[in-house]
Amino acid sequence: MSCCAPGAEMTLDLADATSVLPSSQEIRLASRSIGDNLCQTDLSVPTVHCAACIQTIETALGRLDRVENARVNLSTKRVSVQWRGEEAPPFFATLGRLGYQAHLFDPETGKEDKTLSELIRAVAVAGFAAGNIMLLSVSVWSGAEGATRDLFHWVSALIAVPALAFAGGIYFRSAWNALRHGRMNMDVPIAVGVSLAYAMSLYETINHGDHAYFDASVSLLFFLLIGRTLDHVMRERARTAVNGLSRLAARGAVVLRGNGVRDYLPVGEIEPGMELHIAAGERIPVDGNILSGISDLDCSLVSGESKPRTVGAGVQVQAGTLNLTGPLTMKATAAAKDSFLAEMVRLMEAAEGGRSQYRRIADRVSALYAPVVHLAALLTFLGWMIASGDWHLAMTIAIAVLIITCPCALGLAVPIVQVVAARRLFEAGVMVKDGSAMERLAAIDTVLFDKTGTLTLGQPRLINGPSIDPAMLAIAADMAAHSRHPFSKAIAGFAGSTSRPGLHSVSEHPGFGMEAVTEGNTWRLGRRGWAGWKARTGGEGKRGGHGGTVLSKNGMIVATFAFEDTARADARATVEQLQDAGMSVQMLSGDTANACRDVAGTLGIEDFVPALLPSGKVEWIEALSREGHKVLMVGDGLNDTPALGAAHVSMAPATAADVGRNAADFVFLRESLLAVPLALDVSRKAGRLIRQNIAIAIVYNAFAVPIAISGHVTPLIAAIAMSASSMLVIGNAMRLQGFTKTPSPERASRDRRGRPGMSVQHP
Amino acid sequence: MRTLIYLIPVALFLGALGLGGFLWALKSGQYEDLDGAAERILIDGDEPPK
């Protein structure tokens, strides 16, 4: 294997081994037909890292039957496979054998990519035009006269037309949109300035004048488009990374028809009354009642309960819970659109208040800036009109004022800082969905955490391992390795499976535990009452933990296991750092008061609210907002989704439910909760830099505007002044890289890993 | 003046050639996987890429 199978940079620290490999039907559902009987499936493979990975994956997949072509995209960490036939080839098993964890990726709509390529094309065209016009302008500034100058102006005018139409279209459309809705944004003064500069220069050119601002109007667009494109690329990268996470909601389910036929239907087509078969490891797709089968359900994502719930016939189950141990047959009682998940989405949409009311700093500034600038230009025109009576002169100077104040630096001031900040966070594994999120995060004063899955990992950990007889522990671990139950995984994870021979016929009894036979002995690992059927129940004074999980030999208890929900790495440090930063930290949970008190105690959180329903969390946040607090919500479950929407700004771990991940402004990929104070810190610094940048832009105007009003601005001065202020603003933004950057260990180790790959060339 | 008559079109043509080249490269997907392209050079395949 190569340098980099497991544990690479973008992998989740918490491998979600509970999920089963997607069935062939599910793969088919997630692929799209590309004609000629070919299907294309996109897989997200977060651990591809180098040339060796690319080659291994492409060769292995290419060798499979019916696979036409497999292509790895290293930038997006995806593999697209083209295959023919009805049944999907076994991609997942193949990748799994190579040590790569993969998950299905929904076919892209391709809409976002179009925006990006439109932006890049606009940058290219604007850059071409700006370069050539600048070339001609330099000749004019250095003294071209008469017919030559006219020729240069005419050529510039001709180049500028397509550039403005093509590259400027983005700004004109956005400005028009804003004006039509009675709003003001930064694009309005840009659009006005650019088009007036062009119109005046054209008039000058026709009348053989000496000042034309074609270079200013086009290079302005070029600079601004660069800022806008970088901003888009950053958000796109975050979006791709979040989309690449494994999908947690069910994509479809096996429907049992009356005549014994099994159909795999997409979730949207499941109707109430249908009978569904849910295999162990699958998520429940819609609300329903269990008809037969016994199993344990992991409800942590839905209700915030940390302990799995044992369910049997007649029990009502909610969409989104994970079936852990045994197969179930259930009857759907609601369609997907009426299920728990859809209900959460509706609650979230209803709650979305604080966020939609937020206005970006840039928009707030431009709402003040544009009227001032346009008024100044108008007054200049009137003043010169009265003073000289020459309307052409007055017009020229007024437009020069508009050009010099055209918010080039201001338009870059905000996005460039946010791009640098987002990049900083990206390196630390925090994805930022959009720039306004950072502005909002900088303003918060209260942090609310969900408990299960956010402050804790939502996975139990064996706490009395050292006190258990190692031989017993080894047997328990070997049995546990066959199960998906969180307790089993905790035991197996603690001891490390050795899979020694000797264990025969390991079987799982859903709701009870595991049974195995060795040389005439029957071992059971599971509930105390079931495993220790010969022992008198009741403790021998040992720690019961979660209801008492025991290992028994022929009915006699030989070991007791105690579990505890693990706190996320650095949770306590995170809480302390946030409190130091002046935040009030609270915990909201759907779990019981006792469970909450333990966790809150360990982490040093003073306020917690237990047993909250999803709507309760929203009400809590709304109450805080009414008191004037700005709330950051950090949560992962389906039940947190409405709260994520209601909060001023929200964060979710990568293990969160799909809707939650999509609703949150920030998604952090690594296990450590320190991502929260880091994001807060970077956002605050970015906020400070943004204000500095805006101040720089305003100071620049304070110097430039008097020169322009007094009529001393020439195209040369305009070009120098505008480029200089843009450089200053960009340079200031780059400081963010400097003063927050500490070489993170992950990055350093990745660089080291990169080297051996390079040395292939120079042995 | 006369030199300008053909020098300007030549300059613009060359510039446009560069722009056209860039747009073509963009359209043909050469910018879709920059990291991958950098790594693929290390794979010594005997067969030409599909």
Side-chain angles (χ1 to χ4, degrees), chain A residues 2 48-56 58-59 62 68-80 82 113 116-133 135-136 139 144 146-148 151-152 154-156 158-159 162-163 233 754 756-761, chain B:
Chain A
S2 74
V48 268
H49 240 273
C50 64
C53 305
I54 297 179
Q55 198 176 20
T56 321
E58 285 184 356
T59 331
E68 286 290 308
N69 189 11
R71 177 102 187 158
V72 175
N73 185 328
L74 189 64
S75 313
T76 52
K77 316 255 185 223
R78 267 182 229 164
V79 185
S80 58
Q82 293 172 357
D113 290 329
L116 180 63
S117 54
E118 190 192 333
L119 273 172
I120 293 182
R121 250 180 264 134
V123 171
V125 170
F128 164 78
N132 283 292
I133 293 176
L135 219 65
L136 297 166
S139 326
T148 318
L151 173 70
F152 285 171
W154 273 114
V155 175
S156 305
L158 286 179
I159 303 173
V233 168
M758 298 304 292
S759 67
V760 169
Q761 290 248 321
Chain B
M1 189 67 192
R2 177 171 302 158
T3 45
L4 291 178
I5 298 289
Y6 63 85
L7 276 182
I8 292 179
V10 166
L12 287 181
F13 173 74
L14 288 178
L17 215 61
L19 178 66
F22 175 73
L23 292 180
W24 166 77
L26 192 67
K27 204 179 161 117
S28 67
Q30 298 185 31
Y31 285 88
E32 305 216 326
D33 183 14
L34 292 174
D35 298 344
E39 295 279 353
R40 271 171 204 278
I41 188 120
L42 299 172
I43 304 175
D44 33 30
D46 296 330
E47 59 213 271
K50 276 184 229 177

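Below, each value reflects all heavy atoms present in this structure, side chains not excepted, and no hydrogens, waters or symmetry copies.
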Kindly compute the distance separating [atom1] ([X]) from [atom2] ([Y]), expressed to the nearest 0.5 Å.
| X | Y | atom1 | atom2 | answer |
| --- | --- | --- | --- | --- |
| A/Ser139 | B/Ile8 | OG | CD1 | 8.0 Å |
| A/Thr148 | B/Leu4 | OG1 | CG | 6.5 Å |
| B/Leu17 | A/Phe128 | CG | CZ | 10.0 Å |
| B/Lys27 | A/Arg121 | NZ | CZ | 7.0 Å |
| B/Leu12 | A/Leu136 | CG | CG | 7.0 Å |

For residues [X] and [Y], report the shortest heavy-atom separation together with the two atoms involved.
| X | Y | value |
| --- | --- | --- |
| A/Ala124 | B/Leu23 | CB-CD2, 4.3 Å |
| A/Arg71 | B/Arg40 | NH2-NE, 3.4 Å |
| B/Ala11 | A/Asn132 | O-OD1, 4.5 Å |

Discussion item. Need one label for B/Ala37: side chain, backbone, both or neither, based on atoms under 4.5 Å from any heavy atom in chain A.
Written reply: neither
Practice prompt. Answer whether the closest heavy-atom distance between the side chains of A/Val72 and B/Asp33 falls below 4.5 Å.
Written response: no
Worksheet item: Is chain B contacted by the side chain of A/Leu135, its backbone, both, or neither, given a heavy-atom distance below 4.5 Å?
Response: neither
